[in-house]
Amino acid sequence: MKFFVDTADIAAISELNDLGIVDGVTTNPSLIKKSGRDILEVTKEIAALVDGPVSAEVVATDASAMIAEGRKLAAIADNIAIKLPLTWDGLKACKTLSSEGHMINVTLCFSANQALLAAKAGATFISPFIGRLDDINLDGMELIADIREIYDNYGFETQILAASIRTVNHVSDAAKIGADVMTAPPEVIKKLAQHPLTDAGLAQFLKDAESAGIKIV
Ligand code: E4P
């Protein structure tokens, strides 16, 4: 499973990237707003920092304006994935921009039929939003499973990018289903390392090491 970081915070991306666990980055207009930075400037910095795909989202709503914005975003760096919303115009822009050889991340996916359309329009990634479905008492993970089944039935190469991940269980559940990628905020990625038995076990080992006078360097 590839790990993308869902943030435009350079310091947070850097810290995780130094660990070698970052396969890409996703941003959206809300995350750019949170960073307080100019979209072109911060996206360029992120794209230079990480080797993998960096998703940058258009803000236009009609296909021709989305295409113009997508081309401008893609010109920032070779590893930009143009992020397009799953609307009819977004699908048209997806078809045009993917045919030009750009990576496309189709975002705001909330149904298996939407995911099917995105794959047929040539999307590189489809982003089903797990957390936002859970928020309204639906089952985000069921959507990941449905898309996996449909894509496997027909051999679509579009990668399932499990998005809107809020909990560590979202990560392991999406991995069990076989999502190709997950994108999560840095805080959730860091929590993946935590376990109370690790903390308790380490505390005991350190206590014993001290009382036994164990010194290594
Ligand atoms: C993904 O590409 C989105 O940026 C993100 O995962 C949305 O997450 P949220 O629903 O927690 O805002």
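In each ligand, atom 1 is the first atom listed, and ligand 1 is the first ligand listed. All of these numbers come straight from a predicted model, not from anything done at the bench.
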- Message: Assess whether a salt bridge exists between D180 and R148, defined as any Lys/Arg side-chain N lying under 4.0 Å from an Asp/Glu carboxylate O.
- Response: yes

- Kindly confirm or rule out an N or O of T27 lying under 3.5 angstrom from an N or O of ligand 1. no

- Quick one: which of T26, T27, D23 gives a side chain to side chain donor-acceptor pair (under 3.5 Å) with T183? T26

- Task: Only one of I189, V50, V54, V188 passes side chain to side chain contact (heavy atoms under 4.5 Å, CB included) with V5; say which it is.
- Result: I189

- Heavy-atom pair with the smallest gap, counting every atom of L143 and P128: CD2-CB, 3.7 Å

- Message: Going by side chain to side chain donor-acceptor pair (under 3.5 Å), name the residues that satisfy it together with R132, two or more places apart in sequence or in a different chain.
- Response: none

- Query: Is it true that the side chains of E149 and N153 contain a donor and an acceptor less than 3.5 Å apart?
  - Reply: no

- How close does the nearest protein non-hydrogen atom get to atom 11 (O) of ligand 1, and which residue and atom is it? R166 NE, 3.0 Å

- Nearest protein heavy atom with distance in Å, relative to atom 7 (C) of ligand 1: F129 CE2, 3.7 Å

- Note on the structure: For D6, the ligand 1 atoms with a heavy-atom partner under 4.0 Å come out as 1 (C), 2 (O), 3 (C), 4 (O), 5 (C), 6 (O), 7 (C), 8 (O)

- Message: Considering S55, G131, S164, S127 one by one, which has a heavy atom nearer to atom 6 (O) of ligand 1 than any of the others?
- Response: S164

- If you compare N28, T183, T7, L31 by their heavy atoms, the one closest to atom 4 (O) of ligand 1 turns out to be N28

- Item | K83: numbered ligand 1 atoms lying under 4.0 Å from its heavy atoms | 1 (C), 2 (O), 3 (C), 4 (O)

- Looking only at distances, please establish whether an N/O atom of ligand 1 is found under 3.5 Å from an N/O atom of R132. yes

